[in-house]
Protein chains: 4
Amino acid sequence: MKVKNELARQILGEVLGTFVLLLFGCAAAAQVKTSRETKGQFLSVNMAFSVGVMSAMYLCMGVSGAHLNPAVSLSFCMLGDLPWIKLLPYSLAQTLGAYLAAGLVFLIYHDAIMDYSGGVLTVVGPNETASIFATYPSDMVSIQTSFLDQVIGTAMLMLCILPLNDQRNAPAPKGLLPPVVATVVLGISVSMSANCGAAINPARDLGPRLFTLTAGWGTEVFTCYDYFFWIPLVAPMVGGVMGSIIYLVFIQWHLPEPEDESESEEFNDQTKATKHNNKTDELYYKMSAL
Amino acid sequence: MKVKNELARQILGEVLGTFVLLLFGCAAAAQVKTSRETKGQFLSVNMAFSVGVMSAMYLCMGVSGAHLNPAVSLSFCMLGDLPWIKLLPYSLAQTLGAYLAAGLVFLIYHDAIMDYSGGVLTVVGPNETASIFATYPSDMVSIQTSFLDQVIGTAMLMLCILPLNDQRNAPAPKGLLPPVVATVVLGISVSMSANCGAAINPARDLGPRLFTLTAGWGTEVFTCYDYFFWIPLVAPMVGGVMGSIIYLVFIQWHLPEPEDESESEEFNDQTKATKHNNKTDELYYKMSAL
Amino acid sequence: MKVKNELARQILGEVLGTFVLLLFGCAAAAQVKTSRETKGQFLSVNMAFSVGVMSAMYLCMGVSGAHLNPAVSLSFCMLGDLPWIKLLPYSLAQTLGAYLAAGLVFLIYHDAIMDYSGGVLTVVGPNETASIFATYPSDMVSIQTSFLDQVIGTAMLMLCILPLNDQRNAPAPKGLLPPVVATVVLGISVSMSANCGAAINPARDLGPRLFTLTAGWGTEVFTCYDYFFWIPLVAPMVGGVMGSIIYLVFIQWHLPEPEDESESEEFNDQTKATKHNNKTDELYYKMSAL
Amino acid sequence: MKVKNELARQILGEVLGTFVLLLFGCAAAAQVKTSRETKGQFLSVNMAFSVGVMSAMYLCMGVSGAHLNPAVSLSFCMLGDLPWIKLLPYSLAQTLGAYLAAGLVFLIYHDAIMDYSGGVLTVVGPNETASIFATYPSDMVSIQTSFLDQVIGTAMLMLCILPLNDQRNAPAPKGLLPPVVATVVLGISVSMSANCGAAINPARDLGPRLFTLTAGWGTEVFTCYDYFFWIPLVAPMVGGVMGSIIYLVFIQWHLPEPEDESESEEFNDQTKATKHNNKTDELYYKMSAL
């Protein structure tokens, strides 16, 4: 019964990891909204997504690298840490995990959502419940600002997590990558979620949006706010790549050569996490050849 | 005076550990409720349970493994980390610790509870104080949803803590297991406590409920909400096992064989925490033989 | 200019450490109160005391062991980690540091306190500002409950921090003792501060109370609430000893003998923190001889 | 394309690091203000600055030491860890990074700021938005108190971060310096930001203030509150030096000589962070010669 195929194992890992991430996050959104902020507040939801990232990373980092996000997978493809052929399977797995989590959150909070919404599942208005699952923009935000917002949020994500595992820089202990990455995500949530909810992750947004489409919220989940849904799909992919390139160009290329790699390996290398030093060197030569 | 019997030592550890967990948690619930949220808020209670988990784990991890929860003990029995014969003693010890902590919280907050409740200890209504101790469901939640809620919450607990100490995956540093587990518990508290209070632990719920029965709240603590009390007793046991199996089937079985165990052992093995690699292999062979 | 006398160095360390602890804590209390909770809330003050503990421990752990609290010093005397002769100097140093910090907080927040209080420094009433510095009980709390509250709070402190550095149990990494202890203090603050402010530290309370006496709040800071001031002086001393004994009797004595101490020493022993294994063995023999 | 000049690399690092710090911080201020505290609260802004410090430190600690603050750079010059010749380039780089971040925050939150302010960018009054970027004092605070406030805040910063990397004291693990420093910054934010916003960093304040000058808020950003702007420029420089000297005089000089340095170096020395033991010895001899 052991899954011998590496890609199949990785897909399992990403499905389950993204499932855990979204279960924490969307459940917290449901808890805060349906309790009308008596059992939590805006910050609780940010914290739940953060804990979700930490838990999901510990869960599947040893299996699939714990990308949990097509924008992260795309960046790692560009950095040479993930074969391009795996980008689509990873992304679909992440979206599936997010879809399943949204479904389970709906089951758990079904009674509360029905009570809160008066039994009518709507996408806009005072009793809307669609925002428990997918992200929607604030009223005053233009489409250009939304796009920029998602690009910058995801660029910050990659710019802040790439150094954490870069042995030439000042990395975090490998066994503590998950809480440190989770803290970065918390920071993005408390500072860049006012415009359009800080999805910064196409799977995190599309999976639950598809779920609400199938569960009774109607096609408005895609059409509302001038077809806003494409922004958290496209902009994070742009932003992730942009953030990674900024890290490479402004920091990584200029780091001194490591004198002796052995010291750091002995410390804590149980994790099979991505090593992009050698790979990014290749990229460096490619890009500097231009 | 040294207790030579291992089980007796472990029972002492579990009693004291669960006592500490509940003292933090119930005292925070008392503080927030009796101060009418002027000295804390919903999040404070979540944080107190989280710190309680961390402190209790550091306190008794070296003695008893710091299960603190019959659902965790049952899962570890299934995983081969705890002999089945110890399940009942562990569970009773945990319930006793929770009972004692509830009693002490009542002593410390006696004046405040009497002032808040007008001297009448009630289970429902605006001045109820029973929810300081045991968990009670929200009004709109059906019995099926409550059951599912507790199953999923406890499944998430096991699914998220099993990888933390799995040397084949990407484990947390052993000396930092307690804060990481505590963070997982915080995440569950902020996302899955709206329906019925996120007990996810039969001892955490039954001990204080028994205390309130004996201390003057009356039999209503058991009969209210259609005899809700059995849900946090049974559902977490189901959920804990379910979460453990999900981890085994979707992640653990497919992890690569460890190349060299020595490296991780040298790092920080003062803790006598559970090692389930070998044991879960056995379970794998048993289950794959089906 | 180097201070060669060890006790003088330790006193310097404790003065400065307790100064830092109280500067964070009382400044946060001033910020929250004088801004009428627009720039922080109850939780901010808890967090500030917690960060204060962490910072003060990193500052003076290598010099004096970072007790920061006469109740902790007394407990370590009993455990054999601090000579009894040093208890009084340590306690005075801690009280002096707390006094100085209160004075500096008054300077920094002088304008805000005068604005908030209308220029009249009072101990009770809606515009009181004495509680920025020392702790005062809630109105409904009896003297017995206050005493019990401070005993239990300090007992929890010792019970939860002693295992953190016990190499036979499951200790925290030495370089991370400060944040873990700080988290325990945060837990106590959010769960046991409703009755009388969770001083759990005679120096933390007496130093600032003496400052308010000298700075214009009058003798009421000592006489109010039926001479409450003696409770945070005496009860924490009782509680600290009680918590230490509980840890010894229920956990420490029953821990297995360490097989090989060398492994843990190589890890991170830059800190000169207390080692109580051998000393508590002595205590064990003394007590078991009774 | 590799930047061979060390100073150029360091400037790149400080620009990008300070950019990240301010992007988190000012974006959170914009989120909280323009959402009228529905999407965050005072504490969110404190947390965002704290996460910003952590992320910025991981980003550029291996390149430039991650000062991110002219007051920190000045202190390290005095301690002998940074050549004096680099103080001005570092400070300008930090200010430039802060300026750029303010500009990007304005772009991201342009729609929200226009909606909140009614399209009029003002520095005072109920709809002011200048405080999203630079710091402004509270009305009741005198110029002397503001100066003292910034001196003490920055002194606390240096006093609390210098021990973290002092191998003779009880240092934090090097791979975890960023979160520990970030926690210190959080502590300062929740306790010393009521008077004038806890800039404690000339670059953090001047960069965004210059941006608001150029972006339409007018010269009032410099002239308001009696030309307050010079206080967060000058006072932190004084405070940083003062805090460093206090650490040296009261703690560092009296620490025991390290017996064996090798043990700590083997642990985790990937970071190229500052080592001030030898340098501060020099300073000690200079100062004790007076």
Side-chain angles (χ1 to χ4, degrees), chain A residues 1-3 8-9 12-13 15-16 20 23-32 34-35 38-41 43-45 47-48 50-52 54-63 66 104 107-112 114-115 173-179 182 266-273, chain B residues 37 41-43 46 138-142 144-146 148-149 151-153 156 159-164 166-174 176 179-180 183-195 197 246-247 249-251 253-256 258 263-264 266-268 284 287-288 290:
Chain A
M1 254 163 75
K2 182 161 181 173
V3 176
R9 284 201 313 254
L12 268 179
V15 169
L16 196 57
V20 163
L23 193 51
F24 275 114
C26 292
Q31 169 157 335
V32 171
T34 63
S35 75
T38 60
K39 294 183 179 175
Q41 47 191 298
L43 186 60
S44 316
V45 185
M47 288 168 68
S50 177
V51 175
M54 185 195 82
S55 301
M57 283 184 72
Y58 277 121
L59 186 62
C60 66
M61 202 158 62
V63 179
L104 187 51
L107 269 183
I108 302 175
Y109 281 106
H110 182 267
D111 301 353
M114 288 305 167
D115 182 75
K174 273 197 183 159
L176 292 176
L177 280 179
E266 89 186 67
F267 171 59
N268 186 353
D269 56 357
Q270 299 108 329
T271 55
K272 309 297 173 294
Chain B
E37 304 209 9
Q41 46 192 300
F42 193 80
L43 186 60
N46 301 335
S138 291
D139 287 325
M140 90 288 270
V141 180
S142 71
Q144 297 92 322
T145 302
S146 293
L148 178 69
D149 175 271
V151 168
I152 300 299
M156 284 295 278
L159 180 61
C160 294
I161 68 178
L162 282 179
L164 300 176
D166 184 346
Q167 301 306 318
R168 289 196 205 171
N169 203 329
K174 274 197 184 160
L176 293 175
V180 176
T183 306
V184 170
V185 171
L186 179 65
I188 295 174
S189 299
V190 296
S191 64
M192 285 171 242
S193 62
N195 283 333
I246 290 172
Y247 181 66
V249 171
F250 286 93
I251 302 285
W253 287 353
H254 318 300
L255 289 169
E263 90 217 38
S264 61
E266 89 186 67
F267 170 60
N268 185 354
Y284 162 69
M287 289 182 70
S288 58
L290 298 180

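All figures in this text were calculated on a predicted structure; none of them were measured in a lab. Letters go in sequence order (proteins before strands), and every chain restarts at 1.
Of the atoms belonging to A:S50, not a single heavy atom falls under 4.5 Å from chain B. Contact annotation for A:S35: neither backbone nor side-chain heavy atoms come within less than 4.5 Å of a heavy atom of chain B. There is no contact between B:Q144 and chain A, counting heavy-atom distances below 4.5 Å. Both the backbone and the side chain of A:L107 come within contact range of chain B, each with at least one heavy atom under 4.5 Å from a heavy atom of that chain. At a 4.5 Å heavy-atom cutoff, the contact between B:S193 and chain A is made by backbone and side-chain atoms alike. Heavy atoms of B:M156 lying under 4.5 Å from chain A belong exclusively to its side chain. With a 4.5 Å cut-off on non-hydrogen atoms, A:I108 touches chain B through its backbone and its side chain both. Contact annotation for B:V151: neither backbone nor side-chain heavy atoms come within less than 4.5 Å of a heavy atom of chain A.
Between chain A and the options B:L43, B:N195, B:L148, B:L255, heavy-atom pairs under 4.5 Å are most frequent for B:N195. With chain B as the partner, the residue from A:A56, A:A28, A:A66, A:P179 showing the most heavy-atom pairs under 4.5 Å is A:A28.
By the 4.5 Å heavy-atom criterion applied to side chains, B:D166 and A:Y58 are not counted as neighbours. Using a 4.5 Å heavy-atom cutoff, the side chains of B:V184 and A:M54 are in contact.
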| task | Starting from the C-alpha separation in whole Å, work towards a yes-or-no answer on side-chain contact (heavy atoms from CB on, under 4.5 Å) for B:L159 and A:L16. | result | CA-CA 10 Å; B:L159 180 61; A:L16 196 57; 4.1 Å; yes
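In terms of modelled atom types and a separation under 3.5 Å, the side chain of B:N169 and the main chain of B:P171 share no donor-acceptor contact. No donor-acceptor pair under 3.5 Å is formed between the side chain of B:S138 and the backbone N or O of B:V141.
Atoms CG and OG1, on A:D111 and B:T145 in that order, are 3.5 Å from each other to the nearest 0.5 Å. A:L59 CG to B:I161 CD1: the interatomic distance, rounded to the nearest 0.5 Å, is 12.5 Å.
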